[in-house]
Enquirer: 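Handing you this structure, nothing more for now.
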Amino acid sequence: MGKRITAIRGMNDILPSQSVAWRHLEDTVRNLLTGYGYGEIRLPIVEYTELFKRSIGEVTDIVEKEMYTFEDRNGESLTLRPEGTAGCVRAGEEQGLLYNQVQRLWYAGPMFRYEKPQKGRYRQFHQIGVETFGMVGPDIDAELIVLTAQLWAALGISELVRLQLNSLGTSAERARYRTDLVAWLEQHREQLDEDSQRRLTSNPLRILDSKDPATQAILDQAPSLADYLEDESRTHFDGLKAMLDAAGVRYEINPRLVRGLDYYGKTVFEWVTTALGAQGTVCAGGRYDGLVEQLGGRATPAVGFAMGVERLVLLLETCDKVAHLNLQPHAYFIVSEGLEAQSLAMAGRLRAALPGLRLTMHCGGGKFKKQVKKADESGARVALILGENEAASGELAIKYMREDRPQETITEAAVVERLLALMQG
RNA sequence: GUGAGCGUAGCUCAAUCGGUAGAGCCCCGGAUUGUGAUUCCGGUGGUCGUGGGUUCGAUUCCCAUCGCUCACCCCA
């Protein structure tokens, strides 16, 4: 007996019972984005490794230890995308979508990071990403956030998520702040947790979102990034806040919110929940005005965000927002031995007459009683019965499984009428 | 990468202070040969995660290993 082949660690099968929720989420997002004038872009899952190194940042954890990188047959280093923005920018630039233009794009699909799996964190996970290009003002930042807020409302999870907001300023402002922050933290180096001490040289801003209480206590006294923002950054941030206020979107300013990818500047935001354990960020993004240029294009302002599909599905499940999604068949066709061909032909006519009809054929034989039970278990509203009696009279029996209503034996045309009424009700 | 908890039937879980395992659900058949509740009867199904050690004997004790889960970390 051969060794059993399993799925790769952290890469999950999405079963039919779960995919209903996935589709509900995807459909809702797609409709919303279409309504806002966003176009879907479909991107490769594999890109040159260099793309991610140059965009995400060489010293980030993602690039340093989480990428699925391999050589293809001619020796080039390729990487399974760990996030979507880099590929989207690459495509936009390569296809001439960005120069002197305004773009609103979205994409969906799997991302890959070599991390230890836990709740809400997987090695293959799925994001729906939204990226916009060519717009400098805070109005587009606000549009993106309002759009997400509306999405939570549409999904019925508004009360489970909170919006955290911050401005990282320009890279010059951040650089000045970084210097002062490091100088200040150096004085308290001993009290910092181990990871934060290491970040003092590699990525000091990430110290801000350390979970270590001692480190946080020290940060309470540390210089604040907000004080380093100059007019333009501050005006941008104030403008965004004013628009969110006007739109009725509630937010919390979190001066410690930094984000893990290097390309962010000015606006950053995160929608977080406490309902999911340690992985509480459900949607996050920000402005990355420098990235396009950094990847070789003309300087182009850009803002975007990505949401984690698994996490949102978990949220939908925890608050039971998916139970009502009804994909059960309208009808279950009970077939008698010897009448299979006739039944199939009739089912075909019903399907043709009723687009959208969900009709399950009973296949594989079995006793009448068993088939009725299967019809019940399928969740079908009615069972259609073609047995010898019905076949003899050229009719079909319709049995109502969910309501107190007598079974009828009627013509095929009448069955179409009944099913139509049922589908519309 | 670090830590903790857990791996027994398809699923959810028992049990054995070491004497080779049991229930519920599911599935199949019957009571009920064309009508889904419930009930009753019967049946299928386990290399007790894997490898090694101790032992007359290991699912049980020990070691290792793999897997899962959660947390650290990281992030969607």
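In what follows, every chain begins at residue 1, and chains take the letters A, B, ... in the order their sequences are listed.
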Enquirer: Do the side chain of R311(A) and the base of C75(B) come within less than 3.5 angstrom through a donor-acceptor pair of N or O atoms?
Expert: yes
Enquirer: In B/S/- notation, 5' to 3', how is nucleotides 32-38 of chain B contacted by protein heavy atoms closer than 4.0 Å?
Expert: B-BBB--
Enquirer: Apply the test salt bridge (Lys or Arg N to Asp or Glu O under 4.0 Å) to residues K373(A) and D376(A): give CA-CA distance (whole Å), side-chain angles for both, the deciding distance (0.1 Å), then the verdict.
Expert: CA-CA 5 Å; K373(A) 194 174 180 186; D376(A) 183 30; over 6 Å; no
Enquirer: Does OP1 or OP2 of A71(B) have a side-chain N or O of K119(A) closer than 4.0 Å?
Expert: no
Enquirer: Please walk me through it: do E47(A) and R90(A) pass salt bridge (Lys or Arg N to Asp or Glu O under 4.0 Å)?
Expert: CA-CA 10 Å; E47(A) 300 270 4; R90(A) 191 230 84 226; 2.5 Å; yes
Enquirer: Which listed nucleotide (C75(B), C28(B), C68(B)) is nearest to the side chain of K370(A)?
Expert: C28(B)
Enquirer: Using a 4.0 Å heavy-atom cut-off across all strands, classify Y332(A) as base, sugar-phosphate, or nothing.
Expert: nothing
Enquirer: Is there a donor on the side chain of R121(A) or the base of C73(B) sitting less than 3.5 Å from an acceptor on the other?
Expert: yes
Enquirer: Measuring only the C1' atom in each nucleotide, how far is G1(B) from G57(B)? A whole number of Å is fine.
Expert: 42 Å
Enquirer: With a 4.0 Å cut-off on heavy atoms, is A375(A) in touch with a base, just the backbone sugar-phosphate, or nothing at all?
Expert: nothing
Enquirer: Identify which nucleotide among C75(B), C28(B), A71(B) has an atom closest to any side-chain atom of A278(A), counting heavy atoms from C-beta outward.
Expert: A71(B)
Enquirer: Pull out every residue in residues 17-53 of chain A that has a heavy atom closer than 4.0 Å to any atom of RNA chain B, ordered by number, or say none.
Expert: none
Enquirer: If the C1' atom of C17(B) is compared with that of C70(B), how far apart are they to the nearest Å?
Expert: 31 Å
Enquirer: Determine the Euclidean distance between corresponding C1' atoms of G24(B) and U60(B); express it in Å to zero decimal places.
Expert: 24 Å
Enquirer: Can you tabulate the close N/O pairs, meaning under 3.5 Å, that link protein atoms to atoms of nucleotides 2-11 of chain B?
Expert:
| from | atom 1 | to | atom 2 | distance (Å) |
| --- | --- | --- | --- | --- |
| U2(B) | O4 | K116(A) | NZ | 2.9 |

Enquirer: Between Q118(A) and A71(B), is there a contact of a side-chain N or O with OP1 or OP2 at under 4.0 Å?
Expert: yes
Enquirer: Pick out the pairs of N or O atoms, protein on one side and nucleotides 48-50 of chain B on the other, that lie under 3.5 Å.
Expert:
none

Enquirer: Quiz question: by atom type and distance under 3.5 Å, do the side chains of E408(A) and Y400(A) form a donor-acceptor pair?
Expert: yes
Enquirer: For G120(A), which contact category applies under a 4.0 Å heavy-atom criterion: base, sugar-phosphate, or nothing?
Expert: base
Enquirer: Going by an N to O cut-off under 4.0 Å, is there a salt bridge joining D220(A) and R256(A)?
Expert: yes
Enquirer: Round to the nearest Å and state the distance from I8(A) atom CD1 to C66(B) atom P.
Expert: 17 Å
Enquirer: Please give the stem ranges for RNA chain B, sorted by first residue number, where a stem is three or more consecutive Watson-Crick or G-U pairs and both donor-acceptor distances are under 3.5 Å.
Expert: B:1-7 with B:66-72, B:10-13 with B:22-25, B:27-31 with B:39-43, B:49-53 with B:61-65
Enquirer: According to side chain to side chain donor-acceptor pair (under 3.5 Å), who are the partners of E417(A), at least two apart in sequence or on a separate chain?
Expert: none
Enquirer: Between G3(B) and A14(B), how many Å separate the two P atoms, rounded to a whole number?
Expert: 27 Å
Enquirer: Between R81(A) and E83(A) (salt bridge meaning N to carboxylate O under 4.0 Å), is one present in this structure?
Expert: no
Enquirer: Main chain of A380(A), side chain of R402(A): is a donor-acceptor contact present, judged purely on distance under 3.5 Å?
Expert: yes
